[in-house]
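In what follows, every chain begins at residue 1, and chains take the letters A, B, ... in the order their sequences are listed.
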2 protein chains.
Amino acid sequence: MLYAGFMSAVLPSVPAPQEPVGHPELVQLGAALGGDEPCLRADAARNRARLLEAAARLVAERGAEAVTMEAVAAEARVGKGTVFRRFGDRTGLLTALLDHSEKKFQASFLSGPPPLGPGAPPVERLRAFGCAMLRRSAEDLELQLAAEPCAPRRFTNPARSVLRHHVAVLLRQAVPEADCELLSHALMGQLDPALIHHLTKQCGLPMVRLEDAWTDLVDRVTGTAPTR
Amino acid sequence: MLYAGFMSAVLPSVPAPQEPVGHPELVQLGAALGGDEPCLRADAARNRARLLEAAARLVAERGAEAVTMEAVAAEARVGKGTVFRRFGDRTGLLTALLDHSEKKFQASFLSGPPPLGPGAPPVERLRAFGCAMLRRSAEDLELQLAAEPCAPRRFTNPARSVLRHHVAVLLRQAVPEADCELLSHALMGQLDPALIHHLTKQCGLPMVRLEDAWTDLVDRVTGTAPTR
DNA sequence: ATCAAAACCGGACCGTGGTCCAGTTTTCTT
DNA sequence: AAGAAAACTGGACCACGGTCCGGTTTTGAT
């Protein structure tokens, strides 16, 4: 039970809007993984269910991009404001939709059987984790993407492409036997502006640590001896 | 001159909207890195300049999030439609703003002096590239983020955090001497749903290749001998 | 200089995400 | 059981991104 302190993270999301009293979705904190609806008012719980149901129906019938806040509200015979009060924003709603499969996945690597769950050596668990996640992503990819509006643009962006391609070329010179095209994506992940921002501004990490981590990553990936 | 075929990528972006005749920004293709404005009509070029100037003024005075298409149009004394015709969408405008520094950066590692530019061994170039990019990102971070709307949410997302933390824990068991917190970000980069989607749906890569790349990455990062 | 076609301008218009608050329903207290 | 407080509802409202098209300007051929 390693992640005991992270139970809250198993919940949908809703980054705590400016609610006067305890935010509905946040109260689930007490409800653990067992039950689903917590101390919601009767009608609120009913509407929540109807909304999720309506959203699921929409995504099934007309694709994830048809999941418009208004459309969901209409489909569930509920006011628009209710949707926002319940889920915070569009992302929150989509996240809630993904929540069930998310919980299952988390359970499988937190307490499931090896090699995904505890029991196997860490490296094997890592391998299994990646493959499991790849497969899982393939399933409800549409929702995952819909929950992250600007997702596709990140990789079709020409400027970003040039940078990544440059890394791929250098990698091919350094480790010709590897799948440098894909490896370059992993490296670029560590240089993503959004990540930089999150780590430096929000987490307060010093720049030098990022630089060290980068050179270390390069050394590991290329099999170079760490020269320091 | 390795990237000759990628010159187009040096340009802002504007993923080719449904323009009847050659799209303005796309015509720059002929203008290489030297000149700035290509075969734009006189008034169009004038307005383009005024728009960029106005946008820069806005971001300087009131921050990047004040760069609203309407605001820019108003500030430049120009119709809203003009902004969209010129830059396609908000992202296009922001990208155009970043274009200058982008070109400079690209030039520095494509044809600049070593170790960033050609001449140094690839691994050293990789190291230099990462650090350069980190520094560059720190500069105009605000714009970079503004150009990618949903950027911050990616890392504050609780579900994603749990997954990443799990990877970090496993990594610490496998390579205790490394900065596993940061390393885990690189690994997770390879499992990003948006990337999966791009590679499988858009590029048509088979799933198995992604899986192989993942296990290979894990092996490299943990220093495990590739057992296959 | 003149004229037609091509390119461009501007602002009205739409859909969507998100906010707000008056009125209603539920829950709690006594 | 009754009444007050807390919580919830729903739809009017706003801002912004993006589309469209009638009217204007530029271009280039004659």
Strictly under 3.5 Å: I want the nitrogen or oxygen pairs between protein and nucleotides 25-27 of chain C, one per line.
from, atom 1, to, atom 2, distance (Å)
dT25(C), O2, Arg41(A), NH1, 3.3
dT25(C), O2, Arg41(A), NH2, 3.4

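- The stretch residues 62-76 of chain B touches DNA chain D through Thr68(B), Met69(B), each having a heavy atom within less than 4.0 Å of the strand.
- Listed nucleotides dG17(C), dC8(D), dG17(D) differ in distance to Arg86(A); the shortest reach to its side chain belongs to dC8(D).
- Arg86(B) places no side-chain N or O within donor-acceptor distance of the main-chain N or O of Leu93(B), the cut-off being under 3.5 Å.
- A close approach under 4.0 Å does occur between a side-chain nitrogen or oxygen of Asn47(A) and OP1 or OP2 of dT9(D).
- Rounding to the nearest 0.5 angstrom, the gap separating the CG atom in Leu145(A) from the CG atom in Leu94(A) is 10.5 Å.
- Using a 4.0 Å cut-off between charged side-chain N and carboxylate O, Arg154(A) and Glu148(A) make a salt bridge.
- For Glu211(B) and Arg127(A), the salt-bridge test fails: no basic side-chain N is under 4.0 Å from an acidic carboxylate O.
- Salt bridge annotation for Glu75(A)-Arg62(A): absent, with no cationic side-chain nitrogen under 4.0 angstrom from a carboxylate oxygen.
- Under the side chain to side chain donor-acceptor pair (under 3.5 Å) rule, Gln144(A) has a single partner from Arg136(A), Glu102(A), Glu139(A), which is Arg136(A).
- Closest approach to the Ala44(B) side chain among dT9(D), dG18(D), dC9(C) is made by dC9(C) (side chain taken as heavy atoms from C-beta onward).
- When each of dG18(C), dG18(D), dC9(C) is scored by its nearest atom to the side-chain atoms of Asp89(A), the top-ranked nucleotide is dG18(C).
- Toward the 5' end of DNA chain D, the nearer of the two residues Lys80(B) and Gly81(A), judged by each one's closest nucleotide, is Gly81(A).
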